[in-house]
Amino acid sequence: MNKLIFIFPLTLIVITINVSFPIGFRIYDLHRVVQLLCVVFILVSCSFSTRIIHALSIVWTQQFAVVKVFFIVGLLFIIYSVASASYPLVAAKGAVNDLLLVISAVILSLYASSNLRFVNVAIAYAGLIGLGLYYFQFFVGFFAGVFSGTSIEREVLVHHFSNIRFLNHLQVLFFPFIFALSIQSDKHSIRNAATIVSVLTISILLFLSARAGLGSLCIAALIVFVVSKNYRIYVKRFFWVVFVGFTFYLICLKGFPIWWGGAEVAPVRINLNSSGRWDLWMESFELLKNNWLFGVGTLHYSFVSIYGFAHPHNLIIQIGLEYGVVVLGVFVLLATKLCFTLYKKLSITDSNTIISCFPFIWSLITIAGVSMFSGVWVAPLTQLLMVICLSPLISILMRGRFELVAESKQNKFKFEVLGVRALLLISAFFLIVLVYPDFELRYKGNGSFMQAKGVQVFAPRFWQEDIWPDN
């Protein structure tokens, strides 16, 4: 179970991003079902592991007093935010899912504590296989357009191959692991395959105009390489991958279509404008002034926004606007404290562990940068992969802070163990009950939106499309 709890969600991510047709759901809805399934799997699996339950009870009852205070204060404000939202049931759906994703990260950290190297390699191989298969589909579609003499509609490719799946999030999360695999693998064939996928990732990010992804990936690499001397051996290799990826983009994704069919069929040049984000941010600040304490409610951004988007394309603004500035403050303080604590822990950690942590740190710094310009805590598969990538670093934070009590002494914690087990099972059941009506509606509609009272909008983002109930 220690390894299966990582293999199961990673396998589903690989399969899901390569499914190009809806199976009873729209593509985005299928991603949400997979994410919910994995969260329930993690909660239920943990509830049947006495060792992990015992560890959770110790983490909560005996350690991290400051974290506990932050958590309780934030939770109280979240509860009130949900209760005061225009549609509490919609807000509850998003808040419960957010909370259980965070709990899942803590649970996975307990499994990762003794499997750090395995988790690293598992993510790397999942990315190698998943993105490798996906790039094959991408190039089939791309070159089919070139050879058929039709115009290469970049917007269609971007939407179908990237935006609807939030592919650029997964690309930048997987990239550090695949890059590390291209250097560290003992097998020459695996190193070559990982190098090819790393290069293609840079090329396709350029083609998709994933400016936040590319910029964050490079800046995060420089931060990681500069802060730790253990990683500086990778600097030249990284810039070589970026250079080759850029060259491939210019020759194959730009130059070849022009040579074959003329400039009129060439993909649109890289987009350098804000894509409407500035307007979203300015509107969000105005909305925050009137809802600063408790926010507008989870998943309610599209209800109060005039632009029709499901999120403001900025994680900080999203948390503040949906939950209020108190919850935002708790989040920022807690994240800052944990980052400094992690840095101190890593400074006294052996070099082998630091090398194993390298892709996790790079990946999460990158996605933090992307979160300032995109909805990383919106896309279901991004949420799931972030939780998996975060778990080993949480395990390092907890290392040395508690010790599991010997089996013979666990009776002392019998009440706490039973309480945690019941809480996890009830949480999993509550999540299923909360989302099952939506699940049934979409499945019976075979992916089409069924008629109901209300106004159909591109939100509330939990599913691909939803409606706001009619007053």
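If you're wondering where the values come from, they're calculated on a predicted model, not measured in any experiment. Scope of the values below: all heavy atoms of this structure, side chains included, with no hydrogens, waters or symmetry mates.
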Student: Output all residues satisfying ring pair (Phe, Tyr, Trp, His ring centres under 6.0 Å) with Tyr323, sequence neighbours left out; order by chain, then residue number.
Tutor: none

Student: Just to verify, what does Asn97 make a side-chain hydrogen bond (donor to acceptor under 3.5 Å, both in side chains) with, not counting sequence neighbours?
Tutor: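 Expected list: Gln35.
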
Student: If only atom types and distance count, is the side chain of Asn314 paired as donor or acceptor with the main-chain N or O of Ser374 below 3.5 Å?
Tutor: no

Student: How close do Leu173 and Ser363 get, counting heavy atoms only, and between which atoms?
Tutor: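 Closest approach of Leu173 to Ser363, heavy atoms only: O-OG, 3.0 Å.
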
Student: With sequence neighbours excluded, tell me which residues meet side chain to side chain contact (heavy atoms under 4.5 Å, CB included) with Arg191.
Tutor: Ser185, His188

Student: Show the atom names and distances, to 0.1 Å, of all donor-acceptor pairs under 3.5 Å that link a side chain in residues 384-393 to residues at least two apart or in another chain.
Tutor:
residue	atom	partner	partner atom	Å
Ser391	OG	Ile388	O	2.8

Student: Say whether, by atom type as modelled, one donor and one acceptor occur between the side chain of Thr336 and the main chain of Val332 under 3.5 angstrom.
Tutor: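 Judged by distance alone, yes, a pair lies under 3.5 Å.
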
Student: Applying side chain to side chain contact (heavy atoms under 4.5 Å, CB included), can you list everything that pairs with Leu76, at least two apart in sequence or on another chain?
Tutor: Ile72

Student: Can you name the ring pair (Phe, Tyr, Trp, His ring centres under 6.0 Å) partners of Phe360, sequence neighbours left out?
Tutor: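 Ring pair (Phe, Tyr, Trp, His ring centres under 6.0 Å) list for Phe360, sorted by chain: Phe177.
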
Student: State which residues pass side-chain hydrogen bond (donor to acceptor under 3.5 Å, both in side chains) with Thr366; sequence neighbours excluded, sorted by chain then number.
Tutor: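 Counting only residues at least two positions away or on another chain, Thr366 forms no side-chain hydrogen bond (donor to acceptor under 3.5 Å, both in side chains).
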
Student: Identify the two heavy atoms, one from Cys46 and one from Ile107, that lie closest to each other, and give their separation to 0.1 Å.
Tutor: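 What the structure gives for the nearest pair is CB-CG2, 3.6 Å.
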
Student: Sort and list the pairs that fulfil salt bridge (Lys or Arg N to Asp or Glu O under 4.0 Å) and have at least one residue in residues 312-336, not counting sequence neighbours.
Tutor: Glu322-Arg461

Student: Before we go on, tell me: are the rings of Trp362 and Phe225 under 6.0 Å apart, centre to centre?
Tutor: yes

Student: List the residues meeting ring pair (Phe, Tyr, Trp, His ring centres under 6.0 Å) with His313, not counting sequence neighbours, and say none if there are none.
Tutor: Phe309, His311

Student: With distance as the sole test, does Ser104 use its side chain to make a donor-acceptor pair with the main-chain N or O of Leu100 at under 3.5 Å?
Tutor: yes

Student: With sequence neighbours excluded, what pairs up with Phe243 under the side chain to side chain contact (heavy atoms under 4.5 Å, CB included) test?
Tutor: Thr247

Student: Would you say Leu200 and Phe139 make side-chain contact, with heavy atoms under 4.5 Å?
Tutor: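 Yes; the side chains approach each other to less than 4.5 Å.
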
Student: List the residues meeting side-chain hydrogen bond (donor to acceptor under 3.5 Å, both in side chains) with Ser427, not counting sequence neighbours, and say none if there are none.
Tutor: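 Scan of Ser427 (side-chain hydrogen bond (donor to acceptor under 3.5 Å, both in side chains), adjacent residues dropped) gives none.
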
Student: Suppose we screen for ring pair (Phe, Tyr, Trp, His ring centres under 6.0 Å). Which residues come up paired with Phe136, at least two apart in sequence or across chains?
Tutor: none

Student: Pairing donors with acceptors under 3.5 angstrom, does anything connect the side chains of Tyr135 and Thr201?
Tutor: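 Per modelled atom types, Tyr135 and Thr201 side chains form a pair under 3.5 Å.
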
Student: Give me the ring orientation class for Phe8 and Phe41: parallel if the planes are under 30° apart, tilted from 30 to 60°, perpendicular past 60°.
Tutor: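 The rings of Phe8 and Phe41 sit tilted, inter-plane angle from 30° to 60°.
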
